[in-house]
Amino acid sequence: MNTTLSLLTKNVRGVLAASAAFSVMAAAPVYAQEAEESAKAEDFEQIAVVGSRAAPRSVADSAVPIDIISDEEFKQQGATDMVSMMQTVVPSFNVNDQPINDASTLVRPANLRGMASDHTLVLVNGKRRHRSAVITFLGGGLSDGAQGPDISVIPAAALKQVEVLRDGAAAQYGSDAIAGVINFVLNDASEGGSFEARYGSFYEGDGDMIQMSGNVGLPLSDKGFINLSAEYRTADDTSRSVQRADAAALIAAGNTFVADPAQIWGSPEIKHDIKLFANAGIELSATSEAYMFGNYAEREVEGGFYFRNPHNRGGVNDGGTNDDGEQLLLVGDLTGDMSGNCPTDIVVGDNVLENPRYINEVQNNPDCWAFNEMLPGGFTPRFGGTVTDMSLVFGTKGELDHDITYDVSLNLGQNEVDFAISNTINPSLGPETPTEFSPGRYTQSEQTLDIDFTKPFDVGLYEPLFVATGFQYRNESYESFAGDTASYEIGPLATQGFGIGSNGFPGLAANSQGRVSRNNIALYIDAEAYITENFMLAGALRYEDFSDFGDTTKGKIAFRWQALENIAFRGAFSTGFKAPTLGQSNVRNVTTAFGTGGELIDRATLPPTDPVSQLKGGEQLTPEESESITFGVVADFDNGLFITADYYNIELTDRISTASGIALTEEDIATLLEQGINDASSFSEISFFTNDFDTTTEGVDVVANYSMDMMGGETKFSLAYNWTSTEVDRASDNISDFRIRMLEDNLPAVRYSATANHTNGDWRFLARMNYYGSIFEDHLDSALPIDRVGSEITFDFEVAYNFTEEFTVTVGAKNAFDEYPDENNTDAGGITYAQIAGSAYPTTSPIGINGGFYYLRGVYTF
């Protein structure tokens, strides 16, 4: 049973008003479709408290735009992870694939209303969700450097519905709620359940996916419930690659050790993905209840990385050039006293393996060493790791005297990423190097205490004035753990020009590991009431004080005016902020990326207060500040047509992101070595987090729904449309012109989907058209002048049949006509951009790079 309902009191409009806890009445329609008051029980209005702590209201009665997505919506699509599912059903929610993109491969960043992934506050049952330990160093433009929550650990089987508030709400819920709020409401059924098995594969014959999930509701005595959910998934990797030009040249010259393709672009392999969720509640008395929910999740992912050319890989094979500009081979002396007289002037030519000097003076000389002996065809690391996530929330809520409700809870959350890299080397260790490394792990931990109260006051208005107030204390920490010794060890060949650490992702050194923490307190007050029968006014004020950078006060005001019987206007103005995360202020990371000349380089991301960063202008981070305006219209017609249209404008100053790669000169490196930074010689570029640009983002969201009887059954139509535009108003010299263009144009300006869902007896048919506008991609972050990637249209289809009341089989296809983005085929001096790095398609394309996907799903409900 849902004991929350026993605590609800009705206001004079029949709208439910509850404690500050988020509790929701179930509803099945798509998006914001509102049922009439006279409908049957299964057609109750959709109720949500997102956007108002004082009075939960139906979607149509809200002063701010809200989408409510039922659990059925998540079941009726081909996507299997929560991030992709959200993109299908929320018009302004964008996510793209992240092949060969460092930590972003493990946790894909998502964007709501054109903002970064950590500009959206994520809640579960109304309680703040902890951040991921993963920082998306290469987040595809908008999300570069973001550290948001990992919503992919939430299984669809655990959900009752999802509420998406598309409005600035930092004054109500705290830091991060600049783009909006997503509240995942857990299933609270005390009986019944379901089991689902799903198989899918891409049309190309790769990426095979198997997923099994289940949910069961059980009574907890006769006054409570416990609802359990589980999901297990595996997926093979995919490849949409072409052979790199340099790899093809090596093969043509007789090097038979080079793979074809040498570098894989595609979705990573998901070795296992386990998700467990529990939600429980029990009635303590007629006016109080206790609740508890939590999760455990573990996901192991492994993907591709960049090919290391055996002739010129820096720190591995690159011995510089001679006076004629010819590439030389890097050769190390293994004698210890440099008595080997090893050659430093071997020209690699087209194939160094056939060079007699290499064969006689290096390969057959025990005193000399080149990595071509171990890796004659070069090498391509495999990068990934294991993400572990857990949380526990428990508390009590109820009603006191004088219509005062309370909610007291303690929230514990932790996310950990343990990186792994294989098929690589620590070059400084020479022939003694291992080929697999554990380069370190990071842990984000958060503990939150919430104390909330609400009370209605009769002040002579049309409705009572609902007031909510509360206190929050939050402590968070970010801890980094050193990798295995070989992943960061400075080996004997380091002084001879060989790189230090596991190539591609050097391990975190023992002297760099550590733990940083901070705490903050918050006080808030919300108020909301109908001033007249047709005009509602709401306001919020929040004060927060952080131990590391000070305090801030933010506010919000919103209104709703029922202008006509079927048409209402709504709007809001709010100020907001996002505090720099502990990870952004303190993380250290070195990864391989493409430099501005198209070459592979090692780029170090360092704390902004690190001596290396300060040498290039790094400073202590400050909070981002925002001002947000939303204005919209709600139309609810008697014929069942429901439409909402909302305009938004977000001005964000002092945005936090990683600086574009800054090259280090020989003088810079010498200075750093003098300061005792021993691995400085391994860095070609550095980056650091900085408050270096301001943006203005505006857009329009349109959501429409309509149902009708046709062809002997019922058909539900829905439209979700979004237009978003971002302009960079100010940028420092640390943000390159190409980076600015990525910030402005890497997401489609226009995106919409139109869905028809027809039910006829035991059959159900779904068809969905998806449109994605054109984008710009700075391919591989390397400033290659690729033109815009064209707009795309894809179609999804699904057919379901109920064999019995309990058992349903569904067959479907996502991107059914196997559409791909424009190919990377622009000429670059005789070769295509696809051949430079082996990527056939733009890697940040909104439709992905894998093509069509088909699936088969069976669901047993009991």
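Under a cut-off of 6.0 angstrom, the local environment of CD in Gln614 is crowded, with over 12 non-hydrogen atoms contributed by other residues, nucleotides or ligands.
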Given side-chain contact (heavy atoms from CB on, under 4.5 Å), test Thr622 with Phe549 step by step and report yes or no. CA-CA 7 Å; Thr622 60; Phe549 67 81; over 6 Å; no
Run the numbers on His272 and Glu298 for side chain to side chain donor-acceptor pair (under 3.5 Å), then give the verdict. CA-CA 8 Å; His272 68 264; Glu298 181 180 288; 2.8 Å; yes
For the pair Lys578 and Asp118, evaluate salt bridge (Lys or Arg N to Asp or Glu O under 4.0 Å) and give the outcome as yes or no after the intermediate values. CA-CA 8 Å; Lys578 189 192 84 67; Asp118 54 4; 3.6 Å; yes
Show your reasoning for whether side chain to side chain donor-acceptor pair (under 3.5 Å) applies to Asp150 and Ser132. CA-CA 5 Å; Asp150 181 8; Ser132 167; 5.2 Å; no
Go through it in stages, so that I can follow the logic: the residues are Arg655 and Thr695, the test is side chain to side chain donor-acceptor pair (under 3.5 Å), and I'd like the CA-CA distance, side-chain angles, deciding distance and then a yes or no. CA-CA 8 Å; Arg655 287 189 66 163; Thr695 60; 2.9 Å; yes
Criterion side-chain contact (heavy atoms from CB on, under 4.5 Å) on Phe383 and Asn423, from CA distance to verdict: CA-CA 9 Å; Phe383 175 76; Asn423 196 40; over 6 Å; no
Run the side chain to side chain donor-acceptor pair (under 3.5 Å) check on Ser480 and Gln513 step by step: do they pass? CA-CA 5 Å; Ser480 55; Gln513 66 181 350; over 6 Å; no
Test side-chain contact (heavy atoms from CB on, under 4.5 Å) applied to Arg299 and Val153, step by step: CA-CA 8 Å; Arg299 179 173 70 253; Val153 301; 3.9 Å; yes
Going through the distances and angles, do Ile425 and Val316 end up as a side-chain contact (heavy atoms from CB on, under 4.5 Å)? CA-CA 9 Å; Ile425 54 175; Val316 181; 3.9 Å; yes
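Looking at Thr386 and Phe419, their side chains never come closer than 4.5 Å, going by heavy atoms from C-beta outward. Residues Ile135 and Phe689 form a side-chain contact, since some pair of their non-hydrogen atoms from C-beta on lies under 4.5 Å apart. Considering only heavy atoms from C-beta on, Leu508 stays 4.5 Å or farther from Tyr488 through its side chain. At a threshold of 4.5 Å between non-hydrogen side-chain atoms, the residues Pro580 and Pro623 count as touching. Residues Val387 and Asn415 meet the side-chain proximity criterion, which asks for heavy atoms closer than 4.5 Å. Using a 4.5 Å heavy-atom threshold, the side chains of Glu300 and Asp418 count as separate. Side-chain atoms of Leu493 and Leu334, non-hydrogen and from C-beta on, do get closer than 4.5 Å to each other. Considering only heavy atoms from C-beta on, Asp484 stays 4.5 Å or farther from Ser502 through its side chain.
Residue Gln327 is tested with Asn309, Asp318, Asn322, Asn312 for a side chain to side chain donor-acceptor pair (under 3.5 Å); the sole match is Asp318. Each of Arg131, Gln414, Gln147, Glu479 was evaluated against Gln444; a single residue qualifies, Gln147, per the side chain to side chain donor-acceptor pair (under 3.5 Å) test.
Residues forming a salt bridge (Lys or Arg N to Asp or Glu O under 4.0 Å) with Arg233 (at least two apart in sequence, or on another chain): Asp273. By the ring-ring contact (aromatic ring centres under 6.0 Å, His included) test, Phe481 pairs with no residue at all, sequence neighbours left out. By the ring-ring contact (aromatic ring centres under 6.0 Å, His included) test, Tyr478 is found to be paired with Tyr442, residues two or more places apart in sequence or in another chain being considered. By the salt bridge (Lys or Arg N to Asp or Glu O under 4.0 Å) test, Asp246 pairs with Arg244, sequence neighbours left out. With sequence neighbours excluded, the residues forming a salt bridge (Lys or Arg N to Asp or Glu O under 4.0 Å) with Asp237 are Arg382, listed by chain and number. Remark: Asp345 pairs with Arg357 by the salt bridge (Lys or Arg N to Asp or Glu O under 4.0 Å) rule, at least two apart or across chains. Partners of Asp545 according to the side chain to side chain contact (heavy atoms under 4.5 Å, CB included) rule, which considers only residues two or more places apart in sequence or in another chain, are Ile521, Tyr543, Asp551. With sequence neighbours excluded, the residues forming a side chain to side chain contact (heavy atoms under 4.5 Å, CB included) with Ala522 are Gln472, Arg542, Glu544, listed by chain and number.
Sequence neighbours left out, the pairs with a member in residues 427-442 that pass salt bridge (charged side-chain N to carboxylate O under 4.0 Å, His left out) are Glu416-Arg441. Listed by first then second residue, pairs satisfying salt bridge (charged side-chain N to carboxylate O under 4.0 Å, His left out) with a partner in residues 505-518 read Glu476-Arg518, Arg518-Asp548, not counting sequence neighbours. Annotation: salt bridge (charged side-chain N to carboxylate O under 4.0 Å, His left out) contacts involving residues 330-343, sequence neighbours excluded, are absent.
Pairing each heavy atom of Val417 with each of Ala133, the nearest pair is CG1-CB, 3.9 Å. Between Leu121 and Ser175, the shortest heavy-atom distance links the atoms CD1-O, 4.1 Å. Between Val516 and Leu582, the shortest heavy-atom contact is O-CD1, 3.8 Å. Of all heavy-atom pairs between Pro439 and Ser487, the closest is CA-OG, 3.8 Å. Smallest separation of non-hydrogen atoms from Ala116 and Asn111: CA-ND2, 3.9 Å. The nearest pair of heavy atoms linking Ser422 to Glu302 is OG-OE2, 3.7 Å.
Under the 4.0 Å criterion applied to side-chain N and carboxylate O atoms, Arg108 and Asp81 are assigned as salt-bridge partners. A salt bridge links Asp176 to Arg128: one of the charged nitrogens lies within less than 4.0 Å of a carboxylate oxygen.
Using modelled atom types and a 3.5 Å distance limit, the side chains of Asn295 and Arg129 yield a donor-acceptor pair. Residues Thr653 and Arg730 have side chains that never bring a donor and an acceptor to within less than 3.5 angstrom of each other. Thr448 and Asn411 form no side-chain donor-acceptor contact under 3.5 Å, judged by distance and modelled atom types alone.
Expressed to the nearest 0.5 Å, how far CG of Asn520 lies from CZ of Phe546 amounts to 4.0 Å.
For the pair Thr424 (side chain) and Asn503 (backbone), a donor-acceptor distance under 3.5 Å is present. Ser339 places no side-chain N or O within donor-acceptor distance of the main-chain N or O of Thr335, the cut-off being under 3.5 Å. At least one donor-acceptor pair closer than 3.5 Å links the side chain of Ser613 to the backbone N or O of Pro607.
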Give every donor-acceptor pair under 3.5 Å between a side-chain atom in residues 370-381 and any protein atom, sequence neighbours left out.
| from | atom 1 | to | atom 2 | distance (Å) |
| --- | --- | --- | --- | --- |
| Asn372 | OD1 | Asn317 | ND2 | 3.3 |
| Asn372 | ND2 | Pro310 | O | 2.9 |
| Glu373 | OE2 | Ala370 | N | 3.0 |
| Thr380 | OG1 | Ala262 | O | 2.6 |

